[in-house]
Amino acid sequence: MPKAKGKSRRHKYSYNLNRKRLYRSARRRAAPRIACSHIRHAWDPSKSVAQNLAEMGLSPDPNKAVPIPKKLVSGVEAESSGQQSGKKIVRKPYVVNEMEYEASLPEKKSNTLSRDLIDYVRYMIENHGENYKEMARDEKNYYQDTPKQIKRKINVYKNFYPEEYKEFVASLKPEKMDVQ
């Protein structure tokens with residue numbers, strides 16, 4: 001197959017183009033991307049980033065927000081009275097309060113397994129019990145998992161769905177009693 005016509009030619013570098021200026025102006029024009037919805041709603045586009053964050057009680061630089069105390073030669077911490085006079089008034093304290101409340105909420109468990117993996121594990125337990133070597137030789141072992149890999153998958157299923165696993169094992173026991 002022939003090559004595309006424009007691909008083989010050499011690209012020329014433009015020496016007269018000031019790339020620093022282009023990059024700087026593009027960066028200056030772009031509005032800040034704000035991930036937190038609380039900050040986004042309280043943001044005033046007519047003010048600078050530092051002014052907006054100061055009004056909300058936030059700091060753009062974490063090193064300035066919680067300064068590391070400088071120690072004197074004798075080992076006693078130096079007192080800085082100059083920092084107290086530079087405090088700014090927080091006009092939007094609700095932003096910090098909402099963020100603290102949101103951070104205090106417990107995380108939802110997002111541990112889930114695919115339906116295929118759950119069906120695979122249930123099939124293996126149902127037909128082979130605890131015999132992992134037999135499971136590895138089973139024809140439904142499409143991915144050719146080793147006995148250890150199968151055991152690991154079963155343990156993951158046990159940890160993610162403990163109640164469902166107990167119910168499943170309990171439902172298997174009466175069937176085995178009827179067979180004997």
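Given the structure is predicted, the values throughout are model-derived calculations rather than measurements.
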Q: Output the distance between atom OH (Tyr157) and atom CD1 (Ile118), rounded to the nearest 0.5 Å.
A: 6.0 Å

Q: Say whether, by atom type as modelled, one donor and one acceptor occur between the side chain of Ser114 and the main chain of Leu117 under 3.5 angstrom.
A: yes

Q) For the atom pair OH (Tyr120) and NZ (Lys140), what is the distance rounded to the nearest 0.5 Å? A) 11.0 Å

Q.
Among residues at least two apart in sequence or on other chains, which ones pass side chain to side chain contact (heavy atoms under 4.5 Å, CB included) with Thr112?
A. Tyr161

Q | Closest non-hydrogen atom pair between Val121 and Lys153, with its separation | A | CG2-O, 4.1 Å

Q: Any chance you could measure Lys133, atom NZ, to His128, atom NE2, to the nearest 0.5 Å?
A: 14.5 Å

Q) Hey, are the side chains of Met56 and Met99 touching, using non-hydrogen atoms and a 4.5 Å cut-off? A) no

Q: For Arg40, look at atom CZ and say whether over 12 heavy atoms of other residues, nucleotides or ligands are found less than 6.0 Å away.
A: yes

Q) Looking at CD of Glu126 and CG of Asp119, how far apart are the two atoms once the value is rounded to the nearest 0.5 Å? A) 10.5 Å

Q.
Restricting to non-hydrogen atoms, name the atom on Asn159 and the atom on Pro162 that form the minimum distance, rounded to 0.1 Å.
A. O-CD, 3.7 Å

Q. Hey, is NZ on Lys151 packed in by over 12 heavy atoms from elsewhere, all under 6.0 Å?
A. no

Q: With rounding to the nearest 0.5 Å, note down the distance linking OG in Ser59 to NZ in Lys64.
A: 8.0 Å

Q: Please identify each residue that fulfils side-chain hydrogen bond (donor to acceptor under 3.5 Å, both in side chains) with Asn52, with sequence neighbours left out.
A: none

Q) Do Asp44 and Ser46 pass the side-chain hydrogen bond (donor to acceptor under 3.5 Å, both in side chains) test, and can you show the C-alpha distance, the side-chain angles, and the key distance before you say yes or no? A) CA-CA 6 Å; Asp44 185 4; Ser46 64; 3.0 Å; yes

Q.
Which residues pass the side-chain hydrogen bond (donor to acceptor under 3.5 Å, both in side chains) test with Glu130, not counting sequence neighbours?
A. Tyr132

(Q) Within the 4.5 Å heavy-atom criterion, are Met135 and Pro147 side-chain neighbours or not? (A) no

**Q.** Sequence neighbours excluded - salt bridge (Lys or Arg N to Asp or Glu O under 4.0 Å) pairs with any residue from residues 92-104
**A.** Glu55-Lys92

Q) side-chain hydrogen bond (donor to acceptor under 3.5 Å, both in side chains) with Tyr15: which residues, sequence neighbours excluded? A) none

Q. Please walk me through it: do Glu164 and Arg122 pass side-chain contact (heavy atoms from CB on, under 4.5 Å)?
A. CA-CA 11 Å; Glu164 191 178 314; Arg122 287 176 143 234; 3.8 Å; yes

Q.
Return the CD1 to CD1 distance between Ile150 and Ile125, rounded to the nearest 0.5 Å.
A. 11.0 Å

Q) Just by modelled atom types, is the Arg137 backbone N or O under 3.5 Å from a matching donor or acceptor in the Asn141 side chain? A) no

**Q.** Residue list, side-chain hydrogen bond (donor to acceptor under 3.5 Å, both in side chains) with Asn127, at least two apart or on another chain
**A.** Tyr123

(Q) For a side-chain hydrogen bond (donor to acceptor under 3.5 Å, both in side chains) check, start with the C-alpha distance between Gln149 and Tyr143, then their side-chain angles and the critical distance, and finish with the verdict. (A) CA-CA 10 Å; Gln149 289 172 326; Tyr143 297 109; over 6 Å; no

